[in-house]
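What follows is a single structure, written as structure tokens, with notes after it.
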Amino acid sequence: MKRKMIGALVGAAVMSMATGQALAQKAPAAKLSGDMVKIGVLTDMSGVYSDLGGQGSVTAAQMAVEDFKAQAKPSWKIELVYADHQNKADVGSNKVREWYDTQGVDMVTDVLNSAVALAVSKVTQEKNRILIDTGAASTRLTNEDCSPNTVHYVYDTYALANGPGKAVTKQGKDTWFFLTADYAFGHSLEADTTNAVKASGGKVLGSVRHPLNASDFSSFLLQAQSSKAKVVGLANAGGDTINSIKAANEFGLTKSQTIVGLLTTIIDIHALGLPTTQGMMFTEGFYWNLNNETREWSRRFFGKHKKMPSMLHAGTYSAVMTYLKAVQASGTDDAATVMKKMKATPINDFFAKNGKIREDGRMEHDMYLVEVKKPAESKEPWDYYHIKAVIPANEAFQPMALSRCPMVKK
Amino acid sequence: MTEIFGIPIQAFMGQLMLGLVNGSFYAMLSLGLAVIFGMLNIINFAHGALYMAGAMLAWMGLNYFGIGYWWSLLLAPLAVGVFGIVIERSMLQWLYKLDHLYGLLLTFGLALILEGLFRDLYGVSGLPYSIPEEFAGAYNLGFMFLPKYRAWVILASLLVCFATWFVIEKTRLGAYLRAATENPRLTQAFGINVPLMVMLTYGFGVALAGFAGVLAAPAMQVSPLMGSNLIIVVFAVVVIGGMGSILGSIVTGLGLGVIEGLTKVFYPEASSTVVFIIMAIVLLVRPAGLFGREK
């Protein structure tokens with residue numbers, strides 16, 4: 001009797017081990033870790049850039065997940081997490097490390113602020129996951145610091161500088177003066193624009209470097225005014241740009257000189273209002289009022305977020321969608337396989353037409369040179385831009401021939 | 001063209017004028033801080049947030065209730081003052097006998113809450129507040145183009161500063177106040193209601209911040225972060241002038257505005273640090289500040 005019992009127990013144990021093994025063998029067939037894809041939105045939730053990305057990016061990513069579930073009906077689960085990096089590189093990279101190590105996050109997106117982005121890109125490569133950066137500006141992400149695990153999706157300083165640098169100069173406004181935020185981002189934006197201006201036969205008369213978050217810009221603008229340059233380029237961002245424009249208006253610069261915001265978005269224009277910003281020119285990666293497709297998506301976004309999307313918000317939606325589609329198509333969340341799939345598949349949605357992820361990780365898509373409307377020309381709230389030119393994808397971004405990325409074979 | 005240190009005199013004069021405008025804000029804010037510190041011994045870290053609240057209230061008044069600039073200039077400081085009195089009665093009054101640090105921590109916490117609240121409601125990009133029609137346009141001073149509104153800021157700030165100085169130093173009410181600071185018990189024994197005076201002083205001090213906020217609204221972007229960008233410099237001004245010194249804060253505020261303005265011409269990169277360098281030097285040479293008394 002006892003023996004029988006033992007025999008039965010051993011049999012049961014063997015059986016369970018066998019099925020366990022069978023299950024264990026079956027798992028790789030699904031090829032999705034945890035039978036789930038987890039996406040992390042890392043952004044500035046409360047600081048100077050939180051209107052540009054922030055909660056809006058989380059909302060956009062959520063929309064993408066919901067839309068993908070409704071369209072593709074995947075058999076696996078999708079989960080979304082988000083965190084505030086407080087614009088600090090160490091906080092951001094620690095958070096991402098935690099996500100990768102303990103929470104099984106497969107892909108991280110948004111990551112505005114170049115300093116944070118560069119740190120997160122390193123961690124992502126080390127842990128072999130995927131970063132689709134929709135928020136940072138530095139071209140280093142796809143040059144010196146390029147990585148097989150990083151995609152730079154929406155814009156960069158080259159694209160921002162190139163459009164206005166060439167177009168405005170060719171209009172005969174060929175002398176420039178810069179107001180530059182005194183840190184890496186400002187310097188590189190100024191340098192990139194200077195190159196574009198010179199390439200179009202223009203001249204740079206000088207520049208003044210102001211501290212980040214300066215409280216008053218009138219002194220700097222007075223220097224710009226006395227330089228007699230035809231164009232004043234603002235190589236700064238966020239609150240600094242807003243306050244520069246406001247002061248430029250007050251001191252009458254806008255009457256005699258053209259103000260070009262080098263990183264200006266619809267969020268800034270909305271914050272300042274059309275009377276202050278009319279006539280400004282700059283490059284945007286997205287505009288909600290472009291065509292029916294962009295309007296349809298943006299109105300849906302507006303319904304949830306109560307503001308029209310910035311190019312970061314639209315880009316984050318598109319990036320999450322692109323990633324999920326690639327996971328679906330390749331049947332795995334393995335970083336290298338998904339990345340290969342993404343690089344091989346053209347992106348066609350409301351955000352990008354025939355968008356292409358290049359070898360160096362740069363996503364190429366059309367950019368738009370816009371001019372801010374006069375108050376009388378605006379027909380509805382958020383109707384702010386004239387599209388002056390569509391900069392085709394292959395001209396908008398730095399050509400591969402100039403790439404400083406070690407991955408690119410020459 | 002005549003030049004001073006290699007800078008055309010016109011540009012030089014222009015920067016001097018702009019320095020005065022910024023100095024006006026420093027003076028008004030540091031004046032409020034000095035009054036509060038002088039009378040209550042509280043380091044009011046919520047000052048920047050209350051300045052922001054003044055600007056925000058002006059914007060809200062205009063956009064929700066159609067209250068114009070001039071009424072805002074009266075009503076917003078009043079509202080901020082009343083809010084200050086509520087803070088003083090409900091929280092601050094229990095801290096006077098404790099170390100300075102407690103008041104600092106409490107007001108710092110309040111500042112974070114206020115800022116967080118407005119940030120949640122309006123985001124960080126800020127809101128536009130246009131310049132009142134009376135002040136549209138500019139004066140051509142020959143050496144520069146001075147927007148009328150900035151001229152008004154200098155004038156208004158000088159008036160307010162002078163009035164405050166006059167009330168505290170030259171009137172009977174001011175004498176009571178100074179007596180209450182020097183020896184609250186004895187003053188109370190003379191039949192003067194010291195707690196009431198302290199409460200009103202705090203209310204008045206923060207109302208000054210609210211007033212500066214409304215003045216700043218048309219010149220700068222109204223944003224939840226506008227206070228925290230400014231408050232650190234203002235604290236440096238108070239330290240340089242001498243904690244609690246009324247005249248010191250006015251003179252230093254204007255003076256530092258001018259020095260900062262000139263730095264923006266000669267070496268713009270240092271314009272955000274020059275105030276702190278001066279602070280370090282002053283503290284080394286005169287630890288009580290330029291106008292402070294050593295106790």
- Query: For A/Ile242, is it the side chain, the backbone, both or neither that has a heavy atom under 4.5 Å from a heavy atom of chain B?
  - Reply: side chain
- Per-residue contact mode, A/Asp182 against chain B (heavy atom under 4.5 angstrom): side chain
- Of the listed residues (A/Lys307, A/Lys246, A/His270), which shares the most heavy-atom pairs with chain B below a 4.5 Å separation? A/Lys246
- Message: Just to verify, what does A/Asp268 make a salt bridge (charged side-chain N to carboxylate O under 4.0 Å, His left out) with, not counting sequence neighbours?
- Response: none
- Residue by residue, which of residues 221-236 of chain A have a heavy atom closer than 4.5 Å to a heavy atom belonging to chain B? A/Leu222, A/Gln223
- Item | Neighbours of chain B found in residues 248-258 of chain A - heavy atoms under 4.5 Å | A/Glu250, A/Phe251, A/Gly252
Measuring from [X]:[atom1] to [Y]:[atom2], what's the distance to the nearest 0.5 Å?
X: B/Gln221; Y: A/Thr241; atom1: CD; atom2: OG1; answer: 11.5 Å
X: A/Ser218; Y: B/Lys264; atom1: OG; atom2: NZ; answer: 6.0 Å
X: B/Ser223; Y: A/Asn243; atom1: OG; atom2: CG; answer: 7.5 Å

With a 4.5 angstrom heavy-atom cut-off, is it the side chain or the backbone of [X] that approaches chain A, or both, or neither?
X: B/Ile131; result: side chain
X: B/Leu225; result: side chain
X: B/Pro224; result: neither

- Of the non-hydrogen atoms in B/Pro128 and A/Gly273, which two are nearest, and what is the gap between them? CG-N, 4.4 Å
- Minimal heavy-atom distance between B/Val124 and A/Asp51, with the atoms involved, is N-OD2, 3.0 Å
- Item | Contacts of type side-chain contact (heavy atoms from CB on, under 4.5 Å), residue A/Tyr183, not counting sequence neighbours | A/Tyr49, A/Ala181, A/Phe185, A/Leu212
- Item | Residue pair A/Ser219 / B/Gln15, side-chain heavy-atom distance below 4.5 Å | yes
